[in-house]
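Every heavy atom of this structure was used, including side-chain atoms; hydrogens, water molecules and symmetry mates were not. Since this is a predicted model, take the numbers as computed values, not measurements.
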Amino acid sequence: MRDCYDVVIVGGAVMGASTAFWLATNPDFDGSVLVVERDPSYATASTALSASGIRVQFSNTANVRIGQFGLEFIQAFPDLMEVDGDRPGLGYHPGGYLFLANTDEQVRILRENHAVQRAAGAEVELWDADKLKWAFPHLNTDDILLASYGLKGEGWFDNTGLMMGARNKAKALGVDFIADEVVGITREGNRVTGVTLKSGAKVGAGTVVNAAGPRGGKVAAMAGIALPVEPRKRTIFVFDSADSPEGTARVNDGRLPLMVDPSGVWTRPEGRYHLVGGVPDPDVTPAYDDFEPGYTEWEEQCWPALAGRSPNFEALKVVRYWAGHYDYNTFDQNGIVGRHPEVTNFVFQNGFSGHGLQQGPAVGRAVMELIVYGGYRSLDLSDMRYERIAENKPFLEQAIV
């Protein structure tokens, strides 16, 4: 490890690893990069504990285009991440996403979102209850007013594979990764000049990138910057169905999608099993080290929604469960990307509120462009700028799962 780096990235999961990858592979950048990761096992990283989905069904154009690029990145992954002949794949499963609405307000949101998605070139259809029942015969559609189904560009993949592929490629190209924790950031006026590590080491920095996930608000505070990002706990249950409906669909070669019920409960197949999760009530801020699953959510929330939506989900057995953290943006549930307007060498990639894994490739590229070129050259993510918080101008994302 050097005494000083051109770029110090705080956090080495999917956001930090992606940014390191893009910097390392850009011939226009010849600087030094350090990635500091507090937990190199990634046992509690949001990346590793996510449901690993990618979609284009968002409510704003930036997130739709980020999802479109994410799929391109996944498909090109073996070529991009090749190291010494090893070409890692991500096992992409094109299952699609299915959003269901049973109130007038939910219908309005689906229609508004659909207009945005179609304008961005996403292949998404709106279905009435009859079309929904034909496509997925196992579903109870009596209460459904409208459904939104992604024909292409949506599914799930190997979450840790994406992170580790980017990490390994960046390391092979000279990026330093260390197992340590940033406990302080040195600031002189409107510039950050370095970081202090838990080990006691002090490292100078030309630019500091905040890729700390749910701890992003805590890291920003070290630099005297307020950031409305905090953890939110989400529990995922793996269950076995006595009569699984996987394979019964009349679309997409029989594959079931990730379905988002009007209740907010979502479910998708995973091999012979299924995953399910929802939003806890109340949705409180947990301690950073609190990963105790919300056990009661199965009986109180998940199973009732599943059983009510399909007779195939009445006889179920939970086989596993875990809890992870969203890096939740309390302001507008959307990513915060870009330089601080005053402390301009402090860069955010925070607050993705549950869709950070799929957005890592595009956001990492965007942060690289800001560092190397001083502006965006691919996707324009200026709507995600930090300044919107001080201006009280939310860039709201309505399609949070």
Pairwise distance CG(L258) to NE2(H274) - rounded to 0.5 angstrom: 12.0 Å
Short side-chain donor-acceptor distance under 3.5 Å, R232 and T285: yes
Distance (rounded to the nearest 0.5 Å) between F239 CZ and L275 CG: 8.0 Å
Over all atoms of both residues, closest heavy-atom pair of I66 and A362: CG2-CB, 3.8 Å
Test item: F99 and V124 side chains (from C-beta on) under 4.5 Å apart, heavy atoms: no
Identified salt bridge (Lys or Arg N to Asp or Glu O under 4.0 Å) counterpart of K233 within the set D327, D283, D290: D290
T196 OG1 to I185 CD1 distance, which is reported to the nearest 0.5 Å: 9.0 Å
Within 6.0 angstrom of D79 CG, more than 12 heavy atoms from elsewhere: yes
Those residues that, when tested against F237, pass ring pair (Phe, Tyr, Trp, His ring centres under 6.0 Å) (two or more places apart): W298
Step-by-step side-chain contact (heavy atoms from CB on, under 4.5 Å) determination, F29 to M368: CA-CA 9 Å; F29 178 77; M368 174 275 291; over 6 Å; no
Min side-chain heavy-atom separation L98-L132 under 4.5 Å: yes
Pi-cation contact, Y326 with R234 (under 6.0 Å, within 45°): yes
Inter-residue atom distance T19.OG1 - I371.CD1, 0.5 Å rounding: 7.0 Å
Considering all heavy atoms, the nearest P257-P269 contact: O-CD, 3.7 Å
Flag for N60-E397: side-chain donor and acceptor within less than 3.5 Å: yes
Within 6.0 Å of CG in D28, more than 12 heavy atoms from elsewhere: yes
Minimum side-chain heavy-atom gap N334-H355 below 4.5 Å: yes
OH (Y321) with more than 12 external heavy atoms under 6.0 Å: no
Electrostatic pair E391-R388, nearest N-O below 4.0 angstrom: no
Ring pair (Phe, Tyr, Trp, His ring centres under 6.0 Å) partners of residues 145-195, not counting sequence neighbours, each pair once: H93-W156, W127-Y149, F136-Y149
CD1 on I109 to CG on D104, rounded to 0.5 Å: 11.5 Å
L227 vs N210 side-chain heavy atoms within contact, under 4.5 Å: yes
Close side-chain approach of V367 and V337, heavy atoms under 4.5 Å: yes
Sub-4.5 Å side-chain heavy-atom contact between P262 and I144: yes
Pairs where residues 363-382 contributes a residue and the test salt bridge (Lys or Arg N to Asp or Glu O under 4.0 Å) is met, not counting sequence neighbours: none
Residue pair L100 / R309, side-chain heavy-atom distance below 4.5 Å: yes
Side chain proximity check, V10 to V36, heavy atoms < 4.5 angstrom: no
Derivation of the ring pair (Phe, Tyr, Trp, His ring centres under 6.0 Å) call for Y288 and H325: CA-CA 9 Å; Y288 289 112; H325 288 175; 7.9 Å; no
K133 with D142: basic N within carboxylate O range, under 4.0 Å: no
Modelled atom types, side-chain donor and acceptor of N345 and T207, under 3.5 Å: no
